[in-house]
Amino acid sequence: MGLAVVRAMSARRCKMTRTELEATHAVVTDTRALNYLSRALRLRPGDEVEFFDGQGAKRKACLQTLTKDQITGTWDESLHLHHRPIECAPIPILARLKSHAEDDAISALAALGFPKIRIFQAERDATNKPWNEKQTQRWRRIAEDSCRQSGGYWCTEIQERSSLNEAIKDLEQIVYGDSTGLNQTPKKAKSVGIVIGPEGGLSEAEKNTLKQARALSIRLGKQTLRARHAAALLPTIVLHSWWTQ
């Protein structure tokens, strides 16, 4: 398994749109992709790159020309479509954490193939920063980079919610991490959310929101985990439990 991970992370892969994948020739003009291919990977004419759209489609190309403004290549294969490896997965519902601590959880969960992650603004948000599009773009880039590095073909969708109530209102079953909760995981279902609160914990109003939603409190052990650790561990343990059901 270790060798497979190293091979995936060292592979020459880059994301592009479905329209670009279906074009007659491989053409890259996106500034971020150009910098990655030419500066980070230091590719040269004749090198092979696998392009994917983050929605299951992929295609390999042999590069021909590399300039500051454009990279071109010829396709080595026809368009391939991959089914999503995880069709039924819980939705991690993560509070925004200070010092961008939620970034590591997003990266890990995206690498595992979680279809969706929701980020909500907790009442005890310790970041003291307003929500903005720049932050949303950063989370999406993290998810895309994690998909590329892990060898995946489906990028995790990042969804923002203004409050915990907004984050859970369309879900049928809710669980949340609590050191005094039950030592069990929810049964496999299509509409399950896993709530991880902020560093200071959920407010009383948010706890009442979970209570009204009949949320199940579960624990990973006798000790209390830091929010940044629980954000990745709890959804992963639930997903692993579902694989064995």
Side-chain angles (χ1 to χ4, degrees), residues 5-82 84 92 94 96-119 121 127 129-161:
V5 172
V6 171
R7 188 178 301 112
M9 295 187 69
S10 62
R12 294 164 173 172
R13 310 182 73 232
C14 186
K15 187 174 179 292
M16 65 164 44
T17 67
R18 182 65 171 269
T19 300
E20 291 170 327
L21 281 177
E22 294 175 342
T24 305
H25 294 86
V27 180
V28 180
T29 56
D30 177 73
T31 301
R32 183 164 172 260
L34 287 171
N35 289 334
Y36 172 69
L37 293 172
S38 60
R39 297 182 181 180
L41 295 185
R42 298 181 180 276
L43 298 183
R44 297 291 183 267
D47 287 338
E48 188 178 66
V49 179
E50 182 180 72
F51 293 97
F52 69 103
D53 69 347
Q55 296 296 314
K58 71 98 173 180
R59 203 172 183 183
K60 290 183 179 180
C62 179
L63 302 186
Q64 290 182 313
T65 64
L66 293 90
T67 67
K68 179 181 178 181
D69 301 317
Q70 180 177 270
I71 293 176
T72 65
T74 57
W75 298 117
D76 288 345
E77 62 181 3
S78 58
L79 190 71
H80 286 259
L81 300 178
H82 290 257
R84 186 185 287 277
L94 315 179
R96 187 173 63 163
L97 305 177
K98 61 184 179 181
S99 302
H100 302 308
E102 73 278 357
D103 290 2
D104 288 340
I106 292 173
S107 179
L109 296 173
L112 290 172
F114 279 83
K116 298 178 183 179
I117 298 175
R118 290 183 182 176
I119 312 293
Q121 186 169 25
T127 65
K129 294 180 180 180
W131 292 63
N132 55 65
E133 182 61 25
K134 183 178 180 180
Q135 135 189 296
T136 304
Q137 292 175 355
R138 188 188 76 249
W139 288 333
R140 289 172 181 165
R141 285 197 301 269
I142 291 171
E144 289 178 3
D145 288 344
S146 187
C147 179
R148 171 179 55 78
Q149 294 171 356
S150 65
Y153 294 101
W154 288 84
C155 290
T156 299
E157 178 185 354
I158 305 298
Q159 302 175 337
E160 283 191 37
R161 295 294 186 268

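We use all heavy atoms of the structure for the numbers below, so side chains are in, but hydrogens, waters and symmetry mates are not.
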Within-4.5 Å side-chain heavy-atom neighbours: Pro45 and Leu66: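 Sidechains of Leu66 and Pro45: in contact.
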Pair Lys15-Asp30, salt bridge (Lys or Arg N to Asp or Glu O under 4.0 Å): steps then yes or no: CA-CA 10 Å; Lys15 187 174 179 292; Asp30 177 73; over 6 Å; no
Donor-acceptor pair between Thr67 and Gln70 side chains, under 3.5 angstrom: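 Looking only at side-chain atoms, Gln70 and Thr67 do not form any donor-acceptor pair under 3.5 Å.
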Closest contact, heavy atoms only, [X] versus [Y]:
{"X": "Arg12", "Y": "Leu43", "answer": "NE-CD2, 3.4 Å"}
{"X": "Gln64", "Y": "Thr74", "answer": "NE2-CG2, 3.2 Å"}
{"X": "Cys155", "Y": "Phe52", "answer": "SG-CE1, 4.2 Å"}
{"X": "Asp103", "Y": "Trp139", "answer": "OD1-NE1, 3.4 Å"}
{"X": "Ile117", "Y": "Ala110", "answer": "CD1-N, 4.5 Å"}
{"X": "Val27", "Y": "Met16", "answer": "O-CE, 4.1 Å"}

If we ignore hydrogens and angles and just use 3.5 Å, is the side chain of [X] paired with the main-chain N or O of [Y] as donor and acceptor?
{"X": "Glu50", "Y": "Arg13", "result": "no"}
{"X": "Trp75", "Y": "Ala23", "result": "yes"}
{"X": "Ser107", "Y": "Ser146", "result": "no"}
{"X": "Arg96", "Y": "Lys129", "result": "yes"}

Intermediate values then yes/no, salt bridge (Lys or Arg N to Asp or Glu O under 4.0 Å), Asp145 and Arg148: CA-CA 5 Å; Asp145 288 344; Arg148 171 179 55 78; 3.5 Å; yes
Which residues share a ring-ring contact (aromatic ring centres under 6.0 Å, His included) with His82, sequence neighbours left out: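 Residues passing ring-ring contact (aromatic ring centres under 6.0 Å, His included) with His82: Tyr153.
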CA sep, side-chain torsions, deciding dist, call: Leu37, Leu63, side-chain contact (heavy atoms from CB on, under 4.5 Å): CA-CA 10 Å; Leu37 293 172; Leu63 302 186; 5.6 Å; no
If I take atom [atom1] from residue [X] and atom [atom2] from residue [Y], how far apart are they, to the nearest 0.5 angstrom?
{"X": "Lys116", "Y": "Arg118", "atom1": "NZ", "atom2": "CZ", "result": "6.5 Å"}
{"X": "Thr29", "Y": "Leu34", "atom1": "OG1", "atom2": "CG", "result": "7.0 Å"}
{"X": "Gln135", "Y": "Thr127", "atom1": "CD", "atom2": "OG1", "result": "7.5 Å"}
{"X": "Ile71", "Y": "Asp47", "atom1": "CD1", "atom2": "CG", "result": "10.5 Å"}
{"X": "Asp53", "Y": "Arg59", "atom1": "CG", "atom2": "CZ", "result": "12.0 Å"}
{"X": "Ile106", "Y": "Ile158", "atom1": "CD1", "atom2": "CD1", "result": "5.0 Å"}

Stepwise salt bridge (Lys or Arg N to Asp or Glu O under 4.0 Å) test for Lys60 and Asp76: CA-CA 6 Å; Lys60 290 183 179 180; Asp76 288 345; over 6 Å; no
Listed partners of Trp131 passing side chain to side chain donor-acceptor pair (under 3.5 Å), at least two apart: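 Trp131: side chain to side chain donor-acceptor pair (under 3.5 Å) contacts with Gln121.
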With sequence neighbours excluded, residues passing side chain to side chain donor-acceptor pair (under 3.5 Å) with Arg140: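 Testing Arg140 for side chain to side chain donor-acceptor pair (under 3.5 Å), a comparison that skips the adjacent residues, returns none.
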Leu79/Glu22 under side-chain contact (heavy atoms from CB on, under 4.5 Å): CA gap, chis, key distance, verdict: CA-CA 7 Å; Leu79 190 71; Glu22 294 175 342; 4.1 Å; yes
Stepwise side-chain contact (heavy atoms from CB on, under 4.5 Å) check, Lys58 with Phe51: CA-CA 6 Å; Lys58 71 98 173 180; Phe51 293 97; over 6 Å; no
